[in-house]
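These values consider heavy atoms only, across backbone and side chains, with no hydrogens, waters or symmetry-generated copies. Count residues from 1 along the sequence.
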Amino acid sequence: MSTYPLLSLAIWIPIVAGLVVLTTGGDRNAPLARMLSLVGAVAAFLITIPLWTGFDLANGGMQFVELKTWIPRFNINYHLGVDGISMLFVILNAFITIIVVAAGWEVIQNKVAQYNAAFLIMSGLMNGIFTSLDGVLFYVFFEASLIPLYLIIGVWGGPNRVYAAFKFFLYTLFGSLLFLLALMYLFIQSGGSFSILEWHKLPIPLGPQIWLFLAFLIAFAVKVPMWPVHTWLPDAHVEAPTGGSIVLAAIALKLGAYGFLRFSLPI
């Protein structure tokens, strides 16, 4: 099964399904939107099962690797792969999406297509985060995943949803800017490579290591979230719809810990 682009399918099936759901239009077609959303979520989950059944436990490296040139001028590649940590996150994310679609089946009555499409698209973007082995690709998925969650909280949330969504967005944006600076330093230090696996092997002096760690710490601490950048979470959890709270608790808040494991500790 490793000859198939399973990771690309895990990313793009829910995104395409979300775009298809959007084409159903207004709430007159809400039953169709719900059914298409469920089909898309189940299909996205089924495509992740071979990641579990085909995973080689004796291999400690990246598996199901896909590598295509994206932007040759800057040596940016569409580079995907999973290890024993990220593989589990991909499967969990796909499964949670089914739960979210089912949780909003009767509760969400306004903008049904847009609601379900936001979760499907976010699911694909989250899988992109967990499978990216290129720094720029990781950053693109990392930032893009904010948009659907921002809309979910801001549109379908509680009375103070706009405040909660805006606060969440500003906190995460601040951390992401430091993350971007760290990526640029590693790109220069590695001689022009955005490969995360190559960054793990860089001989970086202690001083720059400390600054890199602090940049990653702030960026990922917002996602965990850790004190004192945690104050967006109570607002977001309270104001988010049920599906948004499910995704926050099950997936989104794990991105910080995953970032520590993928970037901070190895580098």
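- Surrounding CZ of Phe95 are at most 12 heavy atoms belonging to other residues, nucleotides or ligands under 6.0 Å away.
- At a threshold of 4.5 Å between non-hydrogen side-chain atoms, the residues Val65 and Met62 count as touching.
- For the atom pair OH (Tyr139) and CD1 (Ile129), the distance works out to 12.0 Å, reported to the nearest 0.5 Å.
- Cluster annotation: Met184 is connected to Leu186 through the hydrophobic network of ILVMFWY side chains, with a link wherever side-chain heavy atoms come within less than 4.5 Å.
- No path of Ile, Leu, Val, Met, Phe, Trp and Tyr side chains, each step under 4.5 Å between heavy atoms, connects Ile121 with Val16, placing them in separate hydrophobic clusters.
- Taking 4.5 Å as the limit, some side-chain heavy atom of Trp52 sits within range of a side-chain heavy atom of Leu88.
- The two residues Gly154 and Val162 make their nearest non-hydrogen contact at O-CG2, 4.4 Å.
- The number of heavy-atom neighbours closer than 6.0 Å to NZ of Lys111, taken from other residues, nucleotides and ligands shown, is 12 or below.
- The hydrophobic cluster containing Trp199 also contains Leu261, counting ILVMFWY residues as joined when their side-chain heavy atoms lie under 4.5 angstrom apart, directly or transitively.
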Would you list the atom pairs, donor with acceptor, under 3.5 Å between side chains in residues 35-45 and any protein atom, with sequence neighbours excluded?
unit_1	atom_1	unit_2	atom_2	d
Ser37	OG	Ala33	O	2.6

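- Relative to the ring axis of Tyr171, Lys223 does not place its NZ or CZ within 45° and under 6.0 Å from the centre.
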Could you give me the CA-CA distance, side-chain angles and deciding distance for Val224 and Leu253, then say whether side chain to side chain contact (heavy atoms under 4.5 Å, CB included) is met?
CA-CA 5 Å; Val224 170; Leu253 303 185; over 6 Å; no
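- In plain terms, the two heavy atoms of Ala144 and Pro148 that are nearest each other are O-CD, 3.1 Å.
- Across every non-hydrogen atom of Phe179 and Ala219, the tightest pair is CB-CB, 3.7 Å.
- Both Phe138 and Ile85 are members of a single hydrophobic cluster when ILVMFWY side chains are connected at heavy-atom separations under 4.5 Å.
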What do the steps show when you test Leu133 against Leu197 for side chain to side chain contact (heavy atoms under 4.5 Å, CB included), and what is the final call?
CA-CA 7 Å; Leu133 296 180; Leu197 298 180; 4.2 Å; yes
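- Within the structure, salt bridge (Lys or Arg N to Asp or Glu O under 4.0 Å) pairs that include any residue of residues 168-190 do not occur (at least two apart or interchain).
- By the ring-ring contact (aromatic ring centres under 6.0 Å, His included) test, Phe119 pairs with Tyr115, sequence neighbours left out.
- Inter-residue side-chain proximity for Met126 and Leu255 is flagged as met; some heavy-atom pair is nearer than 4.5 Å.
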All N/O donor-acceptor pairs, side-chain side in residues 70-82, below 3.5 Å, sequence neighbours left out:
unit_1	atom_1	unit_2	atom_2	d
Asn75	ND2	Gly192	O	2.9
Tyr78	OH	Ser8	OG	2.7
Tyr78	OH	Trp12	NE1	3.1

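- Inter-residue side-chain proximity for Ser86 and Thr131 is flagged as unmet; no heavy-atom pair is nearer than 4.5 Å.
- Two rings, from Tyr4 and Phe64, have their centers 6.0 Å or more apart.
- Ser123 has its side chain out of reach of Leu120: every pair of non-hydrogen atoms, C-beta onward, lies at least 4.5 Å apart.
- Put simply, Leu46 and Leu6 are part of the same group of oily side chains (I, L, V, M, F, W, Y) that touch within less than 4.5 Å, one to the next.
- For the atom pair Thr24 OG1 and Leu22 CG, the distance stands at 7.5 Å (nearest 0.5 Å).
- Within the 4.5 Å cutoff, side-chain heavy atoms of Ile196 are placed close to those of Arg262.
- Distance check: Leu51 CG to Gln63 CD gives 9.5 Å after rounding to the nearest 0.5 Å.
- Here the side chains of Arg34 and Val101 are not in contact, with every heavy-atom distance at 4.5 Å or above.
- Evaluation of the side chain to side chain donor-acceptor pair (under 3.5 Å) rule for Ser193 yields Glu198 as partners, not counting sequence neighbours.
- Comment: Lys68 does not engage Asp134 in a salt bridge, judged by the lack of any side-chain N to carboxylate O separation of less than 4.0 angstrom.
- Judged as a side chain to side chain donor-acceptor pair (under 3.5 Å), the pairs with a partner in residues 140-154 (not counting sequence neighbours) are, in order, Glu143-Ser176.
- To the nearest 0.5 Å, the span separating CG on Leu206 from CD1 on Ile204 amounts to 11.0 Å.
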Side chain to side chain contact (heavy atoms under 4.5 Å, CB included), that's the test. Do Leu183 and Val136 meet it? Break it down for me.
CA-CA 8 Å; Leu183 296 186; Val136 172; 5.9 Å; no
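- Ring geometry for Phe260 versus Phe220: interplanar angle over 60°, hence perpendicular rather than tilted (30 to 60°).
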Between Leu137 and Phe194, does the side chain to side chain contact (heavy atoms under 4.5 Å, CB included) criterion hold? Intermediate values first, please.
CA-CA 9 Å; Leu137 188 65; Phe194 280 108; over 6 Å; no
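- Expressed to the nearest 0.5 Å, how far CG of Leu146 lies from OG1 of Thr172 amounts to 5.0 Å.
- The two residues Ala182 and Ala215 have their closest heavy-atom pair at CB-CB, 4.1 Å.
- Asp56 CG: more than 12 foreign heavy atoms inside a 6.0 Å radius.
- Interatomic distance, CE of Met122 versus CG of Leu125, reported as 9.0 Å (0.5 Å rounding).
- Residues Leu214 and Trp211 are in side-chain contact: their nearest non-hydrogen atoms beyond the backbone lie under 4.5 Å apart.
- Aromatic ring pairs are classed by plane angle as parallel below 30°, tilted from 30° to 60° and perpendicular above 60°; the pair Tyr258 and Phe130 is perpendicular.
- Nearest heavy-atom pair, Ala10 versus Ile47, reported as atom, atom and distance to 0.1 Å: CA-CG2, 3.8 Å.
- Counting all heavy atoms, side chain and backbone alike, Gln189 lies closest to Leu202 at O-CD2, 4.1 Å.
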